[in-house]
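Report on the following structure.
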Number of protein chains: 4
Amino acid sequence: MARPRSEDKHLALLRAATEVIAAQGLGASTASIAKLAGVAEGTLFRYFATKDVLLAAVFEHLIEAMEACFTVGYEANAPVKQRTLVMWNNYVDWGIAHPAAYATMNQLAVSAKLAPEQLEKAIKLCGDVGIRPEPAPFEGLSSAEASEFMDAVLTSIANTTIGLATVRPGLTGAYKAAGFEMMWQAITPH
Amino acid sequence: MARPRSEDKHLALLRAATEVIAAQGLGASTASIAKLAGVAEGTLFRYFATKDVLLAAVFEHLIEAMEACFTVGYEANAPVKQRTLVMWNNYVDWGIAHPAAYATMNQLAVSAKLAPEQLEKAIKLCGDVGIRPEPAPFEGLSSAEASEFMDAVLTSIANTTIGLATVRPGLTGAYKAAGFEMMWQAITPH
Amino acid sequence: MARPRSEDKHLALLRAATEVIAAQGLGASTASIAKLAGVAEGTLFRYFATKDVLLAAVFEHLIEAMEACFTVGYEANAPVKQRTLVMWNNYVDWGIAHPAAYATMNQLAVSAKLAPEQLEKAIKLCGDVGIRPEPAPFEGLSSAEASEFMDAVLTSIANTTIGLATVRPGLTGAYKAAGFEMMWQAITPH
Amino acid sequence: MARPRSEDKHLALLRAATEVIAAQGLGASTASIAKLAGVAEGTLFRYFATKDVLLAAVFEHLIEAMEACFTVGYEANAPVKQRTLVMWNNYVDWGIAHPAAYATMNQLAVSAKLAPEQLEKAIKLCGDVGIRPEPAPFEGLSSAEASEFMDAVLTSIANTTIGLATVRPGLTGAYKAAGFEMMWQAITPH
DNA sequence: AATGAATGAGACTTCATTCAT
DNA sequence: TATGAATGAAGTCTCATTCAT
């Protein structure tokens, strides 16, 4: 019967937090976030009980936003390399297109402010990105350990690609292609 | 600023900062750093005019410390792959052996608290790490651009290796070998 | 070697807190206390880590101040009633002379902000006030229980006396005498 | 202010306030009171314009509730001591039976949040409790002043009795009897 | 009349930096 | 030079009260 809670404000706060954190780091004040979102300082705490709760929600939101991009253009029947390429492009494109989101997500990922289960989710998502060939047999690593390592390498090359492409947007296409080639060589058994 | 008296205190502050920042992040208080260094709160500011100045000095110091490890075991006449392996091991071993230094360096590198020329230095160092084969010719990238990209990929795989090895110390040897293989495949022209 | 911590400020804060709490209750802000003490807001927290710590220290300080008045005029050889009268007067006079201290002490005593051992101390002090005849035998109460009850009654009558005397200062002398008589009748066995 | 609709809600708020204040002190939030009362935050302010107004109403309500207990078992023809005993028991029993109400009333009584005329009322009620012998003639006090003092003493002993009985419920009967004896001795002329 | 979202003042506390000793 | 007491701005969060629904 009262004014309903505004989905708009909820979203505005998440977006504002994403921008402000990208620019100023996790130390960004709740006041600056509220201001950018266009709400009063106190209002932020009606939507998120605590700054940490807000940060967790931002992470969740960014993960979901990213996830949503991943299915685009994906075809289950295509050969492995092509499917991997689609995912690669989706991920890299997302990172380049949303630099604030990308930066904030990275800051949160290394911040020790997230619950373990949230990081799990993110790691699992990264695993999904890695449609890739059978894990190469590495001396001293089980198949699962090798898989995990390869996924991590895949992700780190993608991040490197995003980083450079953001700095030199003109070379985005070339970076994406070259990055994919390097990544593919890295994780293909020889 | 005249060079302050005690070289000991200068160093103690840098080390204390490294430890405290690794543990608590860049928000760590100057008071806690001074305390761990065994000096008074105010003394810190006689050695470093500002917290940001201290942070920059910490970064500089860590870069130098790392650099010092790089020449170990290096032989100019050995074949490329072997020389690269030596550097690889030096870097990865350093990261694993000095987790606080490694963590703090990474925090600083992404913190927007560093002057551009400092980051340059770090990037250049990473370039030096990369004793590696001739850059592969990538469509749309100049030789210098390809070089830079390959160096960045090399570094990112090394960091991934350090990260996993730190989490699972028992597999350090296997990670180092597998990581090197993947990296080498990635940056070798095919 | 640095400026020594000021005993003056420590005391000024305790006194300011006593005054402000007497006037505004335990909800009084630390800012108002610091202001009345003539120090910066932050300074308060150098002397007392927390508002609760300050409150506990205020209580302690008031108890000690009160204790200090109790030995005045006390003669161990005098008859019981006379010794009791001396204590009675000391206590009542103190309460009347320091209304803010008296009010603040009472507020703190009922505030659930004090550690149990602090209340113990206060209760023990009240017991000391009660130089009084042998406990009367009350049906269903052990000697210790009767003692405790009598002390409590003694204190409550003293407090009542202080309260009325503060409201009507002109009658202080009469209240003190009448209060003592009533108290004495109450706790003397019949 | 037009009389609000629901007598139920009015009462629920008064009761909720009594409970919450007993548990958390006068700093208890209006939100928590509204919640316990089962109404919305804003609704509270339709019944009580201000938090202070609510507090005053709570006090009033408790005084009335207490008053209602006083006539129980009272017989105008009985001897004085017996009539006094009836009142004594009524008061003490009420305090023990309604600890939240009793605690809240005391908190309010010392809070400086009440208008003088309200305290008057409370004091007058305490006077009514004191069916008691003729005031003793005390040096320097008029008959009215002595009366007032004796009433105050009577009340304070009753409160002491309630306090101890609440802490040690097993001794309630003994405390009540002993308390009455002490009180009676105190206020009987000798 | 009732609701609860929104507000912003103000509470407690931390901290980089200054400065008296 | 070294110290650590002092400062006050700024941060997170709470809450009485207002107001759109």
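Residue numbers begin at 1 in each chain, while the letters A, B, ... track the order of the sequences.
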Exercise for the section: Using the side-chain hydrogen bond (donor to acceptor under 3.5 Å, both in side chains) rule, collect all pairs that involve residues 16-27 of chain C, keeping only residues at least two apart or in two chains. Expected result: none
Practice task
Keeping to residues at least two apart or across chains, list the salt bridge (charged side-chain N to carboxylate O under 4.0 Å, His left out) pairs with something in residues 22-31 of chain D.
Solution key: none
Atom pairs and distances, donor-acceptor, side-chain atoms in residues 110-119 of chain B, under 3.5 Å, two or more places apart:
{"from": "B:Ser111", "atom 1": "OG", "to": "B:Leu108", "atom 2": "O", "distance (Å)": "2.8"}
{"from": "B:Ser111", "atom 1": "OG", "to": "B:Lys113", "atom 2": "N", "distance (Å)": "3.0"}
{"from": "B:Gln118", "atom 1": "NE2", "to": "B:Ala56", "atom 2": "O", "distance (Å)": "3.1"}
{"from": "B:Gln118", "atom 1": "NE2", "to": "B:Glu60", "atom 2": "OE1", "distance (Å)": "3.0"}

Problem - Phosphate OP1/OP2 of F:dA5 contacted by C:Arg5 side-chain N/O (<4.0 Å) - result: yes
Fill in the blank from the handout: 5' to 3', nucleotides 10-17 of chain F under a 4.0 Å protein heavy-atom cut-off (B base, S sugar-phosphate only, - none) gives -SSBB-BB
Exercise for the section: Using whole Å, report how far CZ of C:Phe48 lies from C1' of E:dT14. Expected result: 18 Å
Practice task
Quick one: list whatever passes ring pair (Phe, Tyr, Trp, His ring centres under 6.0 Å) with D:His61, sequence neighbours left out.
Solution key: none
Practice task
Establish, with yes or no, whether the OP1 or OP2 oxygen of E:dA6 is under 4.0 angstrom from a side-chain nitrogen or oxygen of A:Lys9.
Solution key: yes
Handout entry: Atom pair distance, as rounded to whole Å: NZ in A:Lys35 and P in E:dG8
Key = 13 Å
Exercise for the section: For A:Thr50 and A:Asp52, indicate whether the former's side chain and the latter's backbone hold a donor-acceptor pair under 3.5 Å. Expected result: no
Completion exercise
For D:Asn159, the side chain to side chain donor-acceptor pair (under 3.5 Å) test, sequence neighbours excluded, returns D:Tyr91, D:Tyr102
Problem - Reported CZ-to-OG1 distance for the pair A:Arg5 and A:Thr43, which is rounded to 0.5 angstrom - result: 10.0 Å
Completion exercise
Taken in chain and number order and not counting sequence neighbours, the residues that satisfy side-chain contact (heavy atoms from CB on, under 4.5 Å) with C:Ala31 are C:Ser29, C:Glu41
Exercise for the section: Applying side-chain contact (heavy atoms from CB on, under 4.5 Å), name anything that partners D:Ala57, two or more places apart in sequence or on another chain. Expected result: D:Leu14, D:Phe48
Problem - Interatomic distance where CD1 belongs to C:Ile33 and P belongs to E:dG10 [whole Å] - result: 17 Å
Exercise for the section: Identify all stems in which DNA chain E takes part, counting only runs of at least 3 consecutive pairs (Watson-Crick or G-U wobble, each distance under 3.5 Å), and give each as one range with another, ordered by first number. Expected result: E:2-21 with F:2-21
Fill in the blank from the handout: Expected list for residues 55-62 of chain B near DNA chain E, using heavy atoms below 4.0 Å, is none
Handout entry: Rounded distance in Å - CZ (C:Arg3) to C1' (E:dA20)
Key = 5 Å
Exercise for the section: Look at the side-chain N and O atoms of B:Tyr47 and state whether any lies under 4.0 Å from the OP1 or OP2 oxygen of F:dA2. Expected result: yes
Exercise for the section: Can you sort out the partners of A:Ala65 under side-chain contact (heavy atoms from CB on, under 4.5 Å), two or more places apart, ordered by chain and number? Expected result: none
Exercise for the section: Measure the distance from CG on D:Leu44 to P on F:dT18 and round it to the nearest whole Å. Expected result: 12 Å
Fill in the blank from the handout: Across all chains, not counting sequence neighbours, the side-chain contact (heavy atoms from CB on, under 4.5 Å) partners of D:Ala17 are D:Ile21, D:Ile33, D:Leu54, D:Val58
Handout entry: Interatomic distance where CD belongs to C:Gln24 and C1' belongs to E:dA11 [whole Å]
Key = 13 Å
Handout entry: Toward the 5' end of DNA chain E, by each residue's nearest nucleotide, D:Gly38 or A:Ala40
Key = D:Gly38
